[in-house]
**Q** 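My questions all concern the structure below.
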Amino acid sequence: MSADDDNEDETGSVYARASARQAGRPAASTRAAILAEARRVAEVRRAPAANESWFRKRVAAGIAASVLVAGVAVLLWRQTGPQAVLQTKAELTAATDEDVDVSRPMATAPAFESQQAANQSAAQARSESARELATSRSASAARAAAPAAPVAERADAQMLVEREFPGLLDAAVPPRSVWLVQDARGTTLKSGTLAEGESFDSVTRRLRQELPDREIGAFEVSNVSTASGTVVQVGVARTR
Amino acid sequence: MEASETTDETLLRQYAAGDVGAFDRLYARYELPLWRYVLRHSGDRAAADELTQEIWFAVARESHRFRSDGRFRPWLYTLARNRVIDRLRTTHRHASLDEAPPGSDTPLVELLADASGASPEQQFESADQGAAIIAALDRLPPDQREAFVLQADSGLSIEEIAAVTATRYETAKSRLRYARERLKALLQDYA
């Protein structure tokens, strides 16, 4: 090391010793404030960890609740599915066509049928949406049920009537019974009302003559209620 | 620092992770060197206390932003320098001897001579060497004074001084050399 370097080191050393003696140290209150702030900042940083744990618990509880609700919804849907329709049919067969008051006036029937005829031209369009509606249910119904899967569910029957027989549910004197024949995709092939003296079985026989290339299954019957509270039977048959 | 001691950077990261004891240890290491740096540039103890508190508050609050590949000492003194500069800009507390203090047209060196009845150089003869060099420090240009204090009081290397003062290595080295030469000359005159 050169003499200059020695002098420079001495200069720095002299200063450092003098500075240490002269400068002293910061006030005790300054030191206390600094260390307190350090603790406060550390506490604030730790708090999100606690909240994060709480947040995670909330999220887990929410997911569990959603799964529970979804499970209950599936359970209810299964309970109101084909088995419920079969039960309804069993209940209805106890009140056969012969027991139905066929003498009840059907004053609006012709008018309704003309309205139905006017809507026939749009049947394909409506059945498309009905097909979409039934797609998700028909897939699971096909898995769970017999090969000739029953179609009519109460909620679906209501929607089918609203779609295939517009105005029926609002009619003052609705028809006693209506029927639809749908293919496997849910497209409505034919529909109509039960004429006086006619039954679902007689309609089946008639349709088999009208649609010889189709194997028409039995009508699954359910009830829908009109706005006035009148019950209308809805029979839905599937072709195979 | 001994090899077995925890590095400054590790202590800061430990504090950022929640270890308050790590902050205490870091503060203990740099309390006095930082204090002396701030005191040399702020002019009085009250201002130095305030600035020191501000600086360490910033260390605590910004510790989580400290880069994993950074070095603590230049980072600390950069925080300190920025606050010292901001304070000096607002208070004009520390003036050069060749400049007139606020409210006067007379350079400070003349005011000191008038007040003491002796020139600053004559004052060196009556003070011990240490006090003389501290007094001489005030006569250095601010850049040279800063570089010298950062090295002599705080132990920063030339690289670190350059990083803190945002200058090149050669510039920091030159400032240090000029500062030492001037102080050495003053000491020799004193001797």
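Below, chains carry the letters A, B, ... as their sequence lines are ordered, and counting in each starts from 1. In what follows, every heavy atom counts, from backbone to side chain, and hydrogens, waters and symmetry copies are set aside.
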**Q** Are A:Glu37 and B:Arg61 close enough that some pair of their side-chain heavy atoms sits under 4.5 Å apart?
**A**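 Result yes, sub-4.5 Å side-chain heavy-atom pair found.
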
**Q** Among A:Ser29, A:Ala20, A:Ala16, which residue has the highest count of heavy-atom pairs closer than 4.5 Å to chain B?
**A** A:Ala20

**Q** Taking the side chain from B:Asp49 and the backbone from A:Ala27, do they hold a donor-acceptor pair closer than 3.5 Å?
**A**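 At least one qualifying donor-acceptor pair exists.
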
**Q** Please answer whether the main-chain N or O of A:Ala38 pairs with a side-chain N or O of B:Tyr15 as donor and acceptor at a distance below 3.5 Å.
**A**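 Pair found, side chain donor or acceptor close to backbone of A:Ala38.
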
**Q** So, do B:Phe23 and A:Leu35 sit near enough that their side-chain heavy atoms are less than 4.5 Å apart?
**A** yes

**Q** Do you know which of A:Val14, A:Ile34, A:Val41 has the most heavy-atom pairs with chain B at a distance under 4.5 angstrom?
**A** A:Ile34

**Q** Shortest non-hydrogen contact from B:Asp153 to A:Ser19?
**A**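 In terms of heavy atoms, the two residues are closest at OD1-OG, 2.8 Å.
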
**Q** Any side-chain heavy atom of B:Leu137 sitting closer than 4.5 Å to one from A:Tyr15?
**A** yes

**Q** Tell me, do B:Ser63 and A:Arg45 make a side-chain contact under 4.5 Å, heavy atoms counted?
**A**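 In short, these two side chains touch, coming nearer than 4.5 Å.
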
**Q** Please find the pair of heavy atoms, one from A:Ala23 and one from B:Arg45, that lie closest to each other, and give the distance.
**A**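 Closest approach of A:Ala23 to B:Arg45, heavy atoms only: O-NH1, 2.7 Å.
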
**Q** Mind checking the CD-OG1 spacing from B:Glu31 to A:Thr30? Nearest 0.5 Å is all I need.
**A** 9.5 Å

**Q** What closest approach, in Å, do A:Ala42 and B:Val20 show between heavy atoms, and which atom pair accounts for it?
**A**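 Heavy-atom minimum between the residues: CB-CG2, 3.6 Å.
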
**Q** When you compare the side chains of A:Arg31 and B:Thr52, does any donor N or O come within less than 3.5 Å of an acceptor on the partner?
**A**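 No.
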
**Q** With only heavy atoms counted, which part of A:Arg25 is less than 4.5 Å from chain B, the side chain, the backbone, both or neither?
**A** both

**Q** Working to the nearest 0.5 Å, report the span between OG1 of A:Thr11 and CD of B:Glu181.
**A**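 One finds 10.0 Å between OG1 of A:Thr11 and CD of B:Glu181.
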
**Q** Please give me the minimum heavy-atom distance between B:Phe57 and A:Ala33, naming the atom from each residue.
**A**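 It is CE1-O, 3.4 Å.
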
**Q** Indicate the atoms forming the closest heavy-atom contact of B:Ala152 with A:Gly12, along with that distance.
**A**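 Closest pair (atom of B:Ala152, atom of A:Gly12, distance): CB-O, 4.1 Å.
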
**Q** Which atom names give the shortest non-hydrogen contact between A:Arg46 and B:Gly18, and what distance separates them?
**A** NH1-O, 2.9 Å

**Q** Are any of the side-chain nitrogens in A:Arg39 or B:Asp24 under 4.0 Å away from the carboxylate oxygens of its partner?
**A** yes

